[in-house]
Each structure stands twice: as C-alpha cells, then as structure tokens.
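One structure is given here, and the rest of the page talks about it.
Each ligand, and each atom within it, is numbered from 1 in the order the structure gives.
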Amino acid sequence: MIEDKNQQLTKLSDLGEFGLIDHLTKNFKLKQTSTIKGIGDDAAVLGFDNKKIVVTTDLLVEGVHFDLSYMPLKHLGYKAVIVNLSDVYAMNAKATQITISIAVSNRFPLEALEDLYAGIETAASIYNIDVVGGDTTSSNTGLLISVTAIGEVETNNEVYRNGAKPNDLLVVSGDLGAAYMGLQVLEREKEVYKVNPNSQPDLEQYSYIIERQLKPEARKDIIKLLNDLDVKPTSMIDISDGLSSEIIHLCKQSDVGCDLYEEKIPLDPQVITTCEEFNIDSTTVVLNGGEDYELLFTVSQSDFPKIKANPNLSVIGYIKEAKEGMHLVTRADSRIPIQAQGWKNFND
Ligand code: ADP
Ligand code: MG
C-alpha cells in the first residue's frame with residue numbers, strides 16, 4: 001500500500017504547490033483550435049465562434065465515490081474525466097476541454113499523483129480534449145477530484161432531456177448493469193483479501209464487468225454514429241445512476257410516460273452469469289445499479305429504419321402519454337410502475 005512505501009517516495013511538500021502543478025501538467029499538449037490559452041495564466045481563454053457551449057462538473061470524493069483499495073489511481077484519473085465527458089455527449093455535443101481540481105492529503109506521495117495524472121492524460125488523449133486549468137489544494141482527510149468539462153455544439157443540434165414525444169422509441173447504447181456487477185465482485189474480493197492477504201483471485205471470468213467498473217468509456221462514438229446516420233434524438237440523458245432514475249428524469253422533463261420492455265434490456269453474458277452467482281435479479285441491477293455511462297435517448301418512429309440494424313443500439317421501449325405512467329413490462333407480461341427506488345421489493 002502507498003503508506004508502506006512512503007520512504008522511497010517523494011513528499012508533496014518537497015515540491016511546493018507550484019512545482020507540483022508544473023510537474024503534473026507539463027505533459028499536457030493542446031489539441032483543440034478552440035483552446036486559445038490553456039494552463040498557466042489566471043484563466044484559460046477559449047474561442048468557439050458561433051457554437052453553443054455546454055459546461056458540466058462532477059465532484060468525486062474518496063470513500064464516497066471511490067475506494068482506493070481496489071481503484072488504482074490511474075484508473076481513477078481516467079474515470080474522473082470519463083464521467084464528465086459522458087455528460088457532454090449526452091447533450092449531443094463534442095467535448096473539447098476539461099479543468100481538473102484536486103484536494104490531496106500528505107498521505108499521497110508525488111508518485112501517486114503522477115499515476116492519477118497519467119490516467120487523466122490517457123483519457124484526454126483518447127478523447128482528444130485539452131486540459132486547460134484546475135486548482136490544487138490540501139485536504140486533511142482523503143482525496144477529492146473535481147473535473148469540469150466544456151464542449152461545443154452547433155446551434156439547434158443540442159439535445160435536452162425534455163423533448164421526448166408520445167410514440168417515440170426509447171433507445172439505449174451498449175449494455176447495462178456491468179459496472180454495478182463489477183463493483184460487487186471487487187467488494188467481495190476486498191473482503192477475501194482482508195481475511196487472507198495472500199489470496200490471488202482469478203478474476204478472468206469477470207474481466208468485462210470489472211473493466212466496466214474501473215475503466216468506463218464515454219459514448220463519443222454513439223454521438224458520431226447518430227450524426228452519421230442523420231438521427232437527432234428528441235431527448236437524451238447519460239445513464240449514471242441506473243436506468244429507472246434516468247427514465248424518470250427523461251419522462252418527467254418531457255411530460256410523457258413510457259413502456260420499458262424487460263426482455264429488450266441489453267445484457268452482457270458476464271452480467272447474466274454473475275447475477276446468477278450473486279443471486280441478484282439482473283433487471284433490478286440494471287434499473288438500480290449505476291455507472292453504466294451509456295446513453296439513453298428517444299427517437300421518432302420515422303428514424304427506426306436508420307437505427308434498427310445497429311448492434312450498438314437497442315430499442316427498449318416506447319414513449320406514451322404522461323397519464324399512462326411509466327411501466328416496466330416484464331417477461332411474464334405484467335406491468336410494474338417504474339420507481340427510482342423500491343426495487344428491493346420487486347420480488348415480494
Ligand atoms: P491561481 O492562484 O490563479 O488559482 P494556480 O497557481 O492555482 O493559479 O494555477 C496556475 C495554473 O495552473 C492555472 O492555469 C490553473 O488553472 C492551473 N492548475 C492549477 N492546479 C491544477 C491542476 N491540479 N491541474 C491542472 N491545472 C492546474
Ligand atoms: Mg489556484
């Protein structure tokens with residue numbers, strides 16, 4: 001663990017705040033033409049011509065949003081960027097810049113922050129975004145990371161949560177529930193490790209779901225795909241908190257209802273087998289889990305031919321009038337109201 005190796009490692013106090021910022025940010029290269037001034041002045045300067053700008057922030061707190069006993073810092077840096085980019089893509093926008101703010105205790109040596117920044121840099125390079133600023137301060141307890149992401153979208157191309165119309169199709173990208181089941185496996189292994197630190201877990205059969213938890217991706221590719229297919233969703237949201245609460249957000253903001261078909265929910269085979277092993281209902285996991293970072297959106301029926309053959313997209317239901325409510329249509333053909341919570345009682 002980090003503390004045991006502190007002797008050979010570099011104390012943050014050896015560098016000072018400015019030395020630390022320089023050290024952590026020296027590798028960042030600017031790629032976006034909209035970045036006029038990046039790190040190094042009092043503020044970054046961006047220029048977007050006639051585009052609309054989207055801005056989003058997330059704060060991640062150690063012990064609340066992540067656990068460093070199984071989350072490597074490099075992955076944490078990557079994930080902190082991804083969760084923000086996902087929000088930018090959910091507006092049908094292109095992510096262009098981020099800022100990174102960290103509060104860190106002396107418990108972390110420089111090498112730990114280098115790992116964190118290596119993950120940030122990897123995400124910035126893969127998603128082609130510029131790191132244009134941030135803030136650095138000390139914390140008495142754990143680590144905090146706040147990322148702000150900025151993006152651009154042509155006027156009239158932005159997609160809000162509130163545009164779904166009755167008869168629209170409800171569509172989701174990728175598959176759901178994997179990150180939550182990955183977390184269940186990691187939590188179980190952590191307990192095993194506490195009892196027997198020499199245990200060498202074989203996690204091969206959980207590789208996909210663990211990766212979905214530790215190294216999620218944001219669906220930049222889906223925004224491009226929809227653009228290539230000439231499909232503009234009528235509403236969109238990213239799935240960070242579980243499908244049921246995201247469906248409720250879309251429907252409430254659009255003032256509509258919906259039918260969600262249980263049998264249409266896309267599941268990876270590892271999610272199915274791990275749910276069986278943990279004796280958890282996979283639909284419950286999808287509805288209440290979280291951290292999928294897939295996109296949930298609605299399209300008009302006339303766009304169905306454009307999306308139907310695509311393996312990245314699943315039609316999982318359709319939009320109804322608000323007065324009809326929001327329901328899960330189960331495999332047994334019963335209709336259950338969709339609720340943000342309370343799925344624990346689902347099988348009662
Ligand atoms: P100020 O005192 O004006 O807030 P700082 O010394 O905190 O300035 O920051 C100097 C520069 O370094 C600014 O461009 C700032 O955005 C950037 N910066 C500070 N901390 C970080 C960080 N953790 N990651 C990336 N950039 C940072
Ligand atoms: Mg500052």
Side-chain angles (χ1 to χ4, degrees), residues 2 6 9-48 53-68 71-88 93-152 215-216 218 220:
I2 292 164
N6 247 344
L9 297 174
T10 317
K11 289 205 187 104
L12 293 183
S13 51
D14 293 349
L15 284 107
E17 185 190 332
F18 301 122
L20 175 64
I21 296 170
D22 283 349
H23 184 84
L24 292 177
T25 62
K26 63 174 188 273
N27 290 330
F28 290 129
K29 306 245 174 344
L30 298 181
K31 304 172 280 268
Q32 295 284 341
T33 49
S34 54
T35 308
I36 295 163
K37 179 75 190 181
I39 290 170
D41 214 306
D42 297 310
V45 179
L46 311 177
F48 286 103
I53 307 307
V54 302
V55 179
T56 176
T57 297
D58 267 294
L59 175 62
L60 299 179
V61 178
E62 183 178 355
V64 180
H65 302 104
F66 58 90
D67 182 335
L68 290 175
M71 186 75 167
L73 280 157
K74 188 170 177 188
H75 288 74
L76 178 64
Y78 192 89
K79 185 167 177 175
V81 175
I82 294 304
V83 303
N84 279 274
L85 300 187
S86 180
D87 282 321
V88 172
K94 173 188 149 193
T96 47
Q97 288 90 9
I98 53 170
T99 65
I100 312 278
S101 298
I102 53 173
V104 54
S105 71
N106 291 328
R107 152 167 95 86
F108 294 90
L110 174 66
E111 287 73 9
L113 294 187
E114 285 176 347
D115 284 349
L116 181 75
Y117 269 71
I120 291 169
E121 200 186 340
T122 304
S125 128
I126 290 175
Y127 287 84
N128 196 33
I129 46 164
D130 292 343
V131 181
V132 296
D135 202 15
T136 309
T137 187
S138 56
S139 144
N140 292 333
T141 51
L143 177 67
L144 282 86
I145 309 177
S146 175
V147 176
T148 296
I150 296 155
E152 60 176 47
K215 191 171 174 289
K220 180 185 183 178

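Residue N140 places its CG atom among 12 or fewer non-hydrogen atoms of other residues, nucleotides or ligands, all under 6.0 Å distant.
Taking every non-hydrogen atom of G133 and a distance limit under 4.0 Å, the qualifying atoms of ligand 1 come out as 16 (O), 25 (C), 26 (N), 27 (C). Close contacts of ligand 1 with G40, meaning ligand atoms under 4.0 Å from a residue heavy atom, involve 11 (C), 13 (C), 14 (O). Contact atoms of ligand 1 toward D41: 13 (C), 14 (O) (distance under 4.0 Å to a heavy atom of the residue). Listed by number with element, the atoms of ligand 1 under 4.0 Å from a non-hydrogen atom of F18 are 6 (O).
Of all the heavy atoms of I21, the ones lying under 4.0 Å from any atom of ligand 1 belong exclusively to the side chain. When heavy-atom distances to ligand 1 are checked against a 4.0 Å cut-off, T25 comes that close only through its side chain, counted from C-beta outward. When heavy-atom distances to ligand 1 are checked against a 4.0 Å cut-off, F28 has no atom that comes that close, whether in backbone or side chain. Under 4.0 Å from ligand 1, not a single heavy atom of L24 appears.
Taking distance alone, with nitrogen or oxygen atoms compared against 3.5 Å, S101 stays at or beyond that limit from ligand 1. Checking only distances, G38 never comes within under 3.5 Å of ligand 1, N or O to N or O. Between I102 and ligand 1, not a single N/O pair is under 3.5 Å apart.
For Q97 against S34, the heavy-atom pair with the smallest separation is NE2-OG, 3.0 Å.
The line from CZ of F66 to CG of L143 is 4.0 Å long, rounded to the nearest 0.5 Å. Here the OG1 atom belonging to T99 is positioned 8.5 Å from the CG atom belonging to N84, to the nearest 0.5 angstrom. For the atom pair F28 CZ and E121 CD, the distance stands at 5.5 Å (nearest 0.5 Å).
The closest side-chain heavy-atom distance from I100 to I120 is below 4.5 Å.
Looking at V132, L46, V45 one by one, the single match for side-chain contact (heavy atoms from CB on, under 4.5 Å) with K37 turns out to be V45.
Using modelled atom types, one finds a donor on one side chain and an acceptor on the other under 3.5 Å when comparing T148 with T57.
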